[in-house]
Amino acid sequence: MSRKCTECHSGEKVQGYGNRISPPIVFVGESPGENEVREGRPFSPRGKSGQLLHQIMKDLDVDIKTLYFTNVCMCPCRGAPPADKVHMCYDGLMDELEALKPKLIVPMGNVAAKAVGQYEKGISFVRGSYRKLRLGPSVTTGVLPTYHPAAILRNPDLFRDLLTDLEKAVAIGVEGRPAVIPPPYEDYEPIHTQEELEAVWPKLEEAKLIAVDLETASRYVYEDEILIIGISYAKGKCASFDWALFEPNPLTLQGKRNIKRLAKLLKTKKCIFQTAGFDIAWLWSRSVFPNLWFDTEVAHWLLDERESGHGLEPMAMRYLSAPPWKAQFRTRNGLGAYIASEEQFGAKFSAIPQDDMMMYNAADADYTRRLAMLFRKEIKKQNMERVMRLVMDATKLYTELFLEGMCIDMNNLEALETKYKKQIAEAEVILEKLAPDVNPRSPKQLSAYLYDQLGLTTFGDLPADGAEIPMDVLSKAMMDVEGEDVDADLYWKTSRPALFSGRIEKGSGLSSRSTGAFTLFWLKRQHPYPAALIQYKQAQKRLKTYCGAIHKFMWTDGRIHPDYRLVGHLHGRFRSSRPTIHNIPNETDIYNIYCAPPGMTILHADYKQADLRLIAHMSGDQELVRWLKGDPHAEVVKAIRHLNDEQLKELEKRDINEFRRSRLAAKSINFGAFYGRGAESMAPQLGLTVKEARLYLREYWKRLPVAKAWMDSRFSELLANGQEYIGPFGNKRRFPLLVSESHRWRVGTLGVNFPIMSSVNYLTTMTHIAVVKNLRAVGIQTLVYPHIHDSINVCVPEDKLQEAAQIIKDTMSQVPIDAGFDGVTWPVDVDAGTHWGSMVAVENLFESST
DNA sequence: TGGCAATGCGCC
DNA sequence: AAACGGCGCATAGCCA
């Protein structure tokens, strides 16, 4: 029963292998690798991919001998088989599968998924979704695509997805469990009339836990409408209401009465949401304030801290064998399988037949409630209730920011845009004169022009052959020209020379064909083009990204409404978009685009050296605790230069520039050393040779042996703890699969990075919540302004400034102590101003009056 | 034409 | 031996 292949003649072929009589699962790979060819067997357990697959199946208690393994292409090819080869192999593969009559086919990787299941989208999108496949007149089977094991070895973060999919494959193929359980549409109740509302209401009032889900036409809370509200009150039960029932009606008072009842219901029940921030923004703006009890997205992200996979549909498909009901709904209503443009989507969404939308909405609410029942047990079991509560409280805080928005000073914005446009135009004159055909926004064209046409050389006069520049060459080159160019010195001392990719197999370092700013500051010594290019790029970035965002995301109220995403960050930080406010350039002009509402002042507060304090607290290093009572960066200068206090003071008097340079270097050591940064990478920023940097680091660690020991123990703690890091708030970063030495090293550094980064974030969040609460407790009107990792912002009335500043200072210093972070003190800087870029330290503000 | 990965750069 | 973490957004260029 071997597979025939007559189309191509490219050497050795590897036939399928395993149980040929109705196997419960057939695995389909791409094409045989080295080991597979040697052994004549796809997914050979002696190859790395095969080994991983066999191990997982063994762990799932599946007898390997019952399974079957094959590839799309029988002959080996480097990398993924090209389309023409797949085409040639297609008929043979289908004949093979038809003869096997498998219960389930698991295509592994993009090529196999597309060949077997005819999936249109990439593997990361379609993985884990089940389809039926007709193989012949009498043979129908199921398909469940997943990643290729080789992809997991390259990107171990995907391991959990592979495992999930294979568990599902075993459930379907081996255990015969149903692949898909449709939602109980017949039990969902569409509510159009007052009579129907009255009939169902008692059921809602009897429930303890309800899941709530809204359908709206867009994201514009103040302009658009709520279409439907679904309330699931028991497993498989949901009432889906026409929102018109809750709209105030000039003819009758019924709408007003109904929304009061709704408000009371949602306030007294424990409410469950998926992505609560969205729904409560709409409800709050209609004066409905639900008792936010559980958020399924937050819960799932805490249980799986990776970026994606927390959508309602993937979760319900995974945990409840749901069909892709959202995709089906969108397809039958002409919305496309996925959302293309939000505006288009909104318009079409409003035109959908109401009953259809109600069924869709009811399924959403029902699945949300059912997932909450599952997740809450797991959250409890994993001892994550504290961080769960905190993130949900934060949801409410940043929904306030989203609804209220931030004020924009249009005059400042316009002036700044004019300035950038002028800078761009100036630079363009030079760039076009020198190279009219080169697009300065194209790295490809730039490297061809700078290196091939002009023949410029990079750091250390190396030829631009694309090789990585060794760090000591980089450092030496920069040291040779130190002091000749102040701008370049500053840039090099404060920026990193290379981009580091998340993938572990990729190296790091600076390409000798780089066209980034770091290299341009070197090239500008050789030719006028790079200097103009630096100006062009800087102004372009600021104009397009930071000014452009304001226009792009401003609502009709003239404000911007940043959308805080509290989940999806590997280390528990928060993110914002539309626009992002976590990466605004630290420049007065740009921050001054943002201002307080009339009559109010922005108060900004941040912790001094928050991450160093966390390290000191968590490691218990008393020397670091001592440093933090004074100036930790000066302490590092003393350590690495072997100075005592007096000698340091002398240095400051004798050579202030040298003192500052040393302090800057100390700062990079303080911030880099704990995150695993090595001498090679630090040397350029320290203005040292690699050898000198190594000595500096050695002196640094000599002074902090306890902290060093803590840092070095992280990886063994991971291994001792089920391959999980647990942060002080109970949040987790999991590494279920360690694939190589370099991966283990990287994971070790993350063991330091993760608890610090997440704890700084959560401490600051607790503080933000407490500050707002304490200010309001004494009757100060308070607006929530952004949280940025280790700093918070609020707006208060101008005449309450001094009182508010004191409350903030007291609250911020105390919150970490009360939360148990009492190994160190938590000093705070507080600034105030009507514009975000022109803030003054409050001490200075009130000096004259006190 | 739109999806996608890559390049580059802004922040803590 | 290697060797800095996390993110969002704009742009170009390749591919279906």
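As a basis for the values below, the full set of heavy atoms in this structure was taken, side chains included, without hydrogen atoms, waters or symmetry mates. Chain letters run A, B, ... following the sequence lines, proteins first, then strands; residues in each count from 1.
Close to B:dC9, at under 4.0 Å from its OP1 or OP2, lies no side-chain N or O of A:Arg542. When the side-chain nitrogen and oxygen atoms of A:Arg573 are compared with OP1 and OP2 of C:dC7, none of them lie within a distance under 4.0 Å. For B:dC12, the OP1/OP2 oxygens have a side-chain nitrogen or oxygen of A:Asn586 closer than 4.0 Å. At least one side-chain nitrogen or oxygen of A:Tyr491 sits closer than 4.0 Å to the OP1 or OP2 atom of B:dG10. Note on A:Lys541: every side-chain N or O is 4.0 Å or more away from OP1 and OP2 of B:dG8.
For residues 533-555 of chain A, the ring-ring contact (aromatic ring centres under 6.0 Å, His included) pairs, not counting sequence neighbours, are A:Tyr220-A:Trp555, A:Phe402-A:Trp555, A:Trp555-A:His561.
Remark: P of C:dA2 and CZ of A:Arg746 are 18 Å apart, rounded to the nearest angstrom.
Scanning for salt bridge (Lys or Arg N to Asp or Glu O under 4.0 Å) contacts around A:Arg160 gives A:Asp304, A:Glu305, with sequence neighbours left out. Listed by chain and number, the residues in a side chain to side chain donor-acceptor pair (under 3.5 Å) with A:Lys524 are A:Asp485 (sequence neighbours excluded). The ring pair (Phe, Tyr, Trp, His ring centres under 6.0 Å) test applied to A:Trp710 returns no partner, not counting sequence neighbours. Residues passing the ring pair (Phe, Tyr, Trp, His ring centres under 6.0 Å) test with A:Tyr147, sequence neighbours excluded: none.
As judged by a 4.0 angstrom heavy-atom cut-off over every strand, A:Arg744 is placed among residues making no nucleic acid contact.
Taking atom C1' on both C:dT11 and B:dG3, the two are 15 Å apart, rounded to the nearest angstrom.
Other residues, nucleotides and ligands place no more than 12 heavy atoms under 6.0 Å from the NZ atom of A:Lys667.
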Quick test: give all pairs of protein nitrogen or oxygen and nucleotides 13-16 of chain C nitrogen or oxygen below 3.5 Å, distance rounded to 0.1 Å.
unit_1: C:dG13; atom_1: OP1; unit_2: A:Ser442; atom_2: OG; d: 2.7
unit_1: C:dC14; atom_1: OP1; unit_2: A:Lys444; atom_2: NZ; d: 2.9

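Listed nucleotides B:dG8, C:dA10, C:dG6 differ in distance to A:Lys552; the shortest reach to its side chain belongs to C:dA10.
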